[in-house]
2 protein chains.
Amino acid sequence: MYSIKKVSELTDIPIVTIRAWEKRYQIVTPLRTGGGHRLYSETDIETLKWIKDQMERNQLKISEAVFQLKNKSGEALADTGSQSESGSGSSYPDLGERLYRELTALDSAQAHRTIDLAFSLNDFEDVFHRLLAPVLYRIGDAWESGLITVAQEHFASQLVMERFNQFHRILPVQAHLPLAMAFCPEGEHHHMGLMLFSLFMRRKGLDVVYLGPNTPLAGLTRLIKMRRVSIVAASVSDPPLLAALETWIETCRTEHPGLAFVLGGQAFRDCPPSLADYARSGDPAEWEAWFRSTVLPLRYRDLGM
Amino acid sequence: MYSIKKVSELTDIPIVTIRAWEKRYQIVTPLRTGGGHRLYSETDIETLKWIKDQMERNQLKISEAVFQLKNKSGEALADTGSQSESGSGSSYPDLGERLYRELTALDSAQAHRTIDLAFSLNDFEDVFHRLLAPVLYRIGDAWESGLITVAQEHFASQLVMERFNQFHRILPVQAHLPLAMAFCPEGEHHHMGLMLFSLFMRRKGLDVVYLGPNTPLAGLTRLIKMRRVSIVAASVSDPPLLAALETWIETCRTEHPGLAFVLGGQAFRDCPPSLADYARSGDPAEWEAWFRSTVLPLRYRDLGM
DNA sequence: AAAATACTATACATAATCTATACAAAATTG
DNA sequence: CAATTTTGTATAGATTATGTATAGTATTTT
């Protein structure tokens, strides 16, 4: 980590200017010490150098260079930062507090910046487990207790979904691993757990067809056949929905003998015996065990006709 | 994005003249920064160059050149070479064909490249209207008729959404303009039209809270109050969903007398009389008219209190 | 606890724009 | 040909963009 003076020397940009750029364009958002002094990362320095280079090379004004920078945001995820606003830190609780405020205020630009910051500081899966999921749960609770409206809840989950999809797509697939499919059965709208688990599978290199919440069971078997799905992951919170899922799995099992199932969610606390083998808790350690014991043996997905 | 000075240098047209042409003939309508400075795109520059060329080459007066320009707006503006063999070119049909292939093949890298190409050749809003929207509609149809799977459809719309979000975030906001909110009511999942309209509003410098498809109406009024929304945009395809929206708007209107509504989508072909004033077609020209007649008078968002 | 660094906020200065209006030469019209 | 319209430029006065400076306080280092 570098002090602002070091950065100024390294980039040859006056200290005042660096601060002005941060304040005016949020080019970088360095971490802060407990006392509020800026701590720059290598990435921050790269960004500043890049900006300066663009300005000199192409005769760009700072605003134009910034536009270029933000325009290529898809490539580097860890770029943009957030405003200094309320000197809160960058621990998960602080970020969570901040993100909750921004999401309920429907401020997507700020929320994205906060999430960017979190991703730049931590492992992405960690951010989902310890920042995004908790915030969404909190928002869900706030909604149920009438503190916020559906629309706020909706807005927040859309925004987080966006990030989920991004990772889901970007993470590399290892073709020799089997194909998984993830869904919540019809009636179940709560898919945070499913998202986390899918992300886990994707990180492991599994290709995952994410069908999301409220998926009708009808026609799923066709999809399984068509795409040669080997693993079916489902999540259910609402116990009454279990019965339908149970019979569907029963059918499925006879139709596709090799198929592996993983089940999760609150509904499985009191799990019917026929599904007990498939149920897993929300503990990532248990997921690892599942991966080793169930997925790896399936390796080398059958690719021949 | 280019400043007016850059454009003047690149096109060799005096700054004053560029502004005069804009004012008098709306040859180009550059974006504006938050402070009102003009931001020109590549396409804008091409247009200006084309105009100038026409005037010199054919001894045309500016008004005639403009007439030519608007006349051929439907065709391929890309005069940059007539390699229009078919199949591998960069006309909208060709790009669309290519993008469709890439999206259904789940090839995100290639698809992004194709989209980048389109953006580099054309005005960004045009790309959404004439490339991305048509391709997504086609994919939607293919899905409904069983030609492709949910996963493919999902993948494609996600990828396009990503681009939409990017523009939505990057386009400058003009603080003196009112705040808009955009949604499709619960049950409506088809939000391409809403996206296009939101993009239009964003280009005009309006700040837009995008709630997206399937938004529950409950609690929306609270948000309108909280964020001081002045414009509510909604899109509906499915006629049965209109009734609920109609009553909601009724309530809303009494609660927030100053609120402006804009409605769009297939469902309004047969529009209930109470909403007829608010309904707009999908024609961008009509949007422009709406903007001038409805939004501009709302200018100077109330910031006090 | 000094000395060295940094922080925030405010203030300037200069360049680049903005809008609105004015004006003159060229083209068009009656 | 005189009157009008079209078109390119110019100017005034206000605003925005951007780099830099300073004051007063706080933090970190030695």
Side-chain angles (χ1 to χ4, degrees), chain A residues 1-40 44 48 51-52 54-56 58-70 81-90, chain B residues 1-40 44 48 51-52 54-56 58-69 172-177 204-205 296 299-300:
Chain A
M1 293 319 239
Y2 303 81
S3 69
I4 196 166
K5 192 181 184 190
K6 279 266 166 50
V7 175
S8 173
E9 283 161 8
L10 289 169
T11 59
D12 199 32
I13 303 172
I15 290 184
V16 241
T17 306
I18 297 178
R19 280 199 288 250
W21 285 357
E22 178 185 336
K23 185 185 180 111
R24 291 171 181 160
Y25 312 102
Q26 297 93 48
I27 295 179
V28 292
T29 309
L31 290 176
R32 300 295 188 116
T33 65
H37 287 197
R38 283 169 243 266
L39 293 172
Y40 293 84
D44 290 334
L48 289 169
I51 286 276
K52 194 182 182 212
Q54 287 293 308
M55 288 176 68
E56 283 166 1
N58 304 338
Q59 294 279 311
L60 293 183
K61 290 188 302 189
I62 175 67
S63 54
E64 297 169 323
V66 171
F67 187 88
Q68 301 293 344
L69 178 72
K70 301 212 167 173
S82 93
Q83 264 176 358
S84 46
E85 206 192 348
S86 71
S88 58
S90 44
Chain B
M1 303 314 273
Y2 302 82
S3 65
I4 196 167
K5 190 183 185 190
K6 282 266 167 51
V7 175
S8 172
E9 282 162 10
L10 290 169
T11 59
D12 200 32
I13 303 172
I15 290 184
V16 241
T17 306
I18 297 177
R19 280 199 287 251
W21 285 358
E22 177 186 337
K23 184 181 183 132
R24 291 171 182 160
Y25 314 102
Q26 295 91 47
I27 294 180
V28 291
T29 312
L31 292 175
R32 300 297 188 113
T33 67
H37 289 196
R38 289 170 177 78
L39 293 171
Y40 293 84
D44 290 335
L48 290 169
I51 287 276
K52 194 182 183 212
Q54 288 294 306
M55 288 175 67
E56 283 166 0
N58 305 341
Q59 297 281 312
L60 292 182
K61 292 185 308 186
I62 175 67
S63 53
E64 296 169 323
V66 171
F67 182 80
Q68 299 294 338
L69 179 72
V173 171
Q174 290 175 51
H176 59 88
L177 288 174
K204 287 297 186 181
L296 289 185
R299 224 191 298 219
Y300 303 112

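So that the names make sense, note that chain A is the first sequence line, chain B the second, and so on, each numbered from 1.
- Dashed line: the shortest gap from a side-chain N or O of A:Ser3 to OP1 or OP2 of C:dA6 is under 4.0 Å.
- Under 4.0 angstrom from either OP1 or OP2 of D:dT7 there lies no side-chain N or O belonging to B:Thr17.
- If you measure from atom CD of B:Gln59 to atom P of D:dT7, you get 15 Å, rounded to the nearest angstrom.
- Across D:dG19, D:dG8, D:dT28, the shortest atom-to-atom separation from the side chain of A:Ile62 is found for D:dG19.
- Distance B:Gln26 CD to D:dT7 P: 13 Å, rounded to the nearest Å.
- The CD atom of A:Gln54 sits 15 Å away from the P atom of D:dT18 (whole-angstrom rounding).
- One distance of note links OG1 of A:Thr29 with CG of A:Asp44; it measures 7.5 Å at 0.5 Å rounding.
- Closest approach to the B:Ser63 side chain among C:dT5, D:dT20, D:dT7 is made by D:dT7 (side chain taken as heavy atoms from C-beta onward).
- Under 4.0 angstrom from either OP1 or OP2 of D:dA17 there lies no side-chain N or O belonging to A:Tyr25.
- Along DNA chain D, the nucleotide nearest to B:Gly34 and the one nearest to B:Met55 differ in position, and the one closer to the 5' end is contacted by B:Met55.
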Nucleic acid footprint by protein, nucleotides 20-30 of chain C - heavy-atom cut-off 4.0 Å, B for base, S for sugar-phosphate alone: -B-----SS--

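- The pair A:Glu22-A:Arg32 meets the salt-bridge criterion, with a side-chain N (NZ, NE, NH1 or NH2) lying under 4.0 Å from an Asp/Glu carboxylate O.
- The interatomic distance linking B:Tyr2 (OH) with C:dT17 (P) rounds to 15 Å, in whole Å.
- Distance check, rounded to the nearest 0.5 Å: CE of B:Met55 to CG of B:Asn58 gives 11.0 Å.
- Nearest-nucleotide assignment on DNA chain C puts the 5′-proximal partner with A:Lys6, out of B:Arg32 and A:Lys6.
- Counting all heavy atoms, side chain and backbone alike, B:Lys52 lies closest to B:Ile13 at CD-CG1, 3.9 Å.
- An OP1 or OP2 oxygen of C:dT17 is reached within less than 4.0 angstrom by no side-chain nitrogen or oxygen of B:Arg38.
- Straight-line distance from the CE atom of B:Met1 to the C1' atom of C:dA16: 17 Å, rounded to whole Å.
- Across the protein-nucleic acid pair, A:Leu60 atom CG and D:dG19 atom P stand 12 Å apart, rounded to whole Å.
- Remark: P of D:dT20 and CD1 of A:Ile4 are 13 Å apart, rounded to the nearest angstrom.
- The two atoms that bring A:Leu31 and A:Met1 nearest to each other are CD1-CE, 3.5 Å, heavy atoms only.
- When all heavy atoms are compared, the tightest approach of B:Thr33 to B:Pro172 is CA-CB, 3.9 Å.
- Per the geometry, CD1 belonging to A:Ile15 stands 15 Å off P belonging to C:dA4, to the nearest Å.
- The shortest non-hydrogen separation linking A:Arg38 to A:Pro30 is CG-CG, 3.5 Å.
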